[in-house]
Amino acid sequence: MTKLDQIKAAESQLLLSTYERNPILFVGGEGVHIIDENGTRYLDLLSGIGVNALGYGSPVIEQAIARQSRALIHTSNLYYHEGQAELALRLTERTGLDRCFFANTGTEAWEGALKLARAYAGLRRSEGANLGTKFLALEHSFHGRTFGSVSTTHKAKYREPFAPVVPGVEFVRFNDVADLRAKFSNDVCAILVESIQGEGGIRPLSQEFFAEARALSSSTGALLIADEIQAGMGRTGKWCAYQHYGIPGAPADRSSSGGWIQPDVTTLAKPLAGGIPLGAVLCTEEAARAIHAGMHGTTFGGGPLACAVAIAVIDHIEQQNLLQHATEVGGYFLERLRNLAARHDSIVDVRGKGLMIAAELDSAELAKLTVAEMLNRRILINCTSDTVLRFLPPYILERTHVDEAIDALDVIFTQHAVAHNALPAAGGQ
Ligand SMILES: Cc1ncc(COP(=O)(O)O)c(C=O)c1O
């Protein structure tokens, strides 16, 4: 029995069967490559689902962990440590928001944002405002697996087994401004968006929809909450994907402070601490009025270790100009995928920003086969929303890696087309 077989057998007895894992045992990594037990290197274009922004074996992360773990790993939030304010300063400067709460994961950050919205609406009601408790979430949204998060996640398969979920959520058709207007009212305490939906298939909000969501929420005092857990922290070439949504000619008030559509609240996680779990909720000074001591908290969130690593990751991204790099290499990736799409009818759309990229195929079967064939060629990607190949590589990806992936996809689609055309026509003799 191989070591992998032993682990598989043990897990099948001992773990809840939440995951359908690929049969590979990873033991190490270097740069954009992850390495299995036999020393085989895989080009990782998924980076642990958008987490390992600096790739594997980053000395920056290694040194930050070593330094901080020698000094102090955990304090709880009953005491001060050096990391939270220093990290919060970096995050507020980069998001255009004022205050920060640290959590451990994406879903936990999202729960914090939902609670903040309900608490803020309650505060505003106590001050005489007409504001309800309803959330407007979007079709195709994904916000995580805890109760508030699944309740605001669109796909029924994530919610229904756990019914009843948190009440007071209505879904708006994606990018449908008329539907948003129809469903918005004073009952709404927050509009919830991902400016570029991740699990939903790398779908960007339209400028018009995002601007309308901002205008409607501002009109009543409801919050506009942008989930940047997958798209944020530089993945799209900007610190937050909402920063791609400019407001031409808008006055420099709170809703356009950085020249972009500014949400009242945003959530960050995945690449925030380069692989060490850490989430964050960022909000305006105004929304922060709703939270006082004892209302919300966490034992581990914002611990010294995670904060020290996040600070090192942010500083490294800046020093190495990785936002610019993600923009350039991502642009090249998109261009090469578009050229590929021009030659393969099975690719029906190519979209994305920076290193958050998708190629949508014409069948779920082909998408599944492509992921498996890429794995056979030692390249990791995945498929989301059935037909969408998703690429979330580390920010240190180079053009040569893109070429390697495109060449592999080219061979796979060519072989598929040949095999497909060789099949006898359905209903034929
Ligand atoms: C946009 C978005 N929000 C929330 C989450 C949940 O994050 P986590 O898995 O860290 O709880 C995810 C995870 O994929 C995500 O993509």
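As the structure lists them, so they are numbered: ligands from 1, and atoms in each ligand from 1.
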> Counting only heavy atoms not in Lys134, do more than 12 fall under 6.0 Å of its NZ?
Replying inline: yes
>> Please determine whether any non-hydrogen atom of Arg145 lies less than 4.0 Å from an atom of ligand 1.
In response: no
> Within the structure, does Gly106 bring an N/O atom to less than 3.5 angstrom of an N/O atom in ligand 1?
Replying inline: yes
> What is the closest protein heavy atom to atom 3 (N) of ligand 1, and at what distance does it sit?
Replying inline: Asp227 OD2, 2.7 Å
>> Working to the nearest 0.5 angstrom, can you tell me the gap between Arg203 CZ and Asp349 CG?
In response: 9.5 Å
> Which heavy atom of the protein is the closest neighbour of atom 16 (O) of ligand 1, given with residue, atom name and distance?
Replying inline: Gln230 NE2, 2.8 Å
>> Below a 4.0 angstrom heavy-atom separation, can you tell me which part of Gln197, side chain or backbone, both or neither, approaches ligand 1?
In response: neither
> Can you tell me if Asn77 and Gln84 form a side-chain donor-acceptor pair at under 3.5 Å?
Replying inline: yes
>> Can you tell me which portion of Glu108 lies within the under-4.0 Å heavy-atom range of ligand 1? Options are side chain, backbone, both, or neither.
In response: neither
> Just how far is it from atom CZ of Arg94 to atom CD1 of Ile314, taken to the nearest 0.5 Å?
Replying inline: 6.0 Å
> What protein heavy atom sits nearest atom 5 (C) of ligand 1, and how far off is it?
Replying inline: Ile229 CG2, 3.8 Å
> Quick one: OG on Ser47 to CG on Leu380, what's the gap to the nearest 0.5 Å?
Replying inline: 10.0 Å
> Would you find more than 12 non-hydrogen atoms of other residues, nucleotides or ligands less than 6.0 Å from Tyr158 atom OH?
Replying inline: yes
>> Less than 4.0 Å from atom 7 (O) of ligand 1, is there any heavy atom belonging to the protein?
In response: yes
>> Counting only heavy atoms from other residues, nucleotides and ligands, does the tally under 6.0 Å from CD of Glu30 exceed 12?
In response: no
> Taking non-hydrogen atoms only, is Trp110 closer than 4.0 angstrom to ligand 1 via side chain, backbone, both or neither?
Replying inline: neither
> Which protein heavy atom lies closest to atom 11 (O) of ligand 1, and at what distance to 0.1 Å?
Replying inline: Thr107 N, 2.8 Å
>> Could you tell me, atom by atom, which parts of ligand 1 come under 4.0 Å of a heavy atom of Glu194?
In response: 1 (C)
> Looking only at side chains, do Asp187 and Thr133 share a donor and an acceptor under 3.5 Å apart?
Replying inline: no
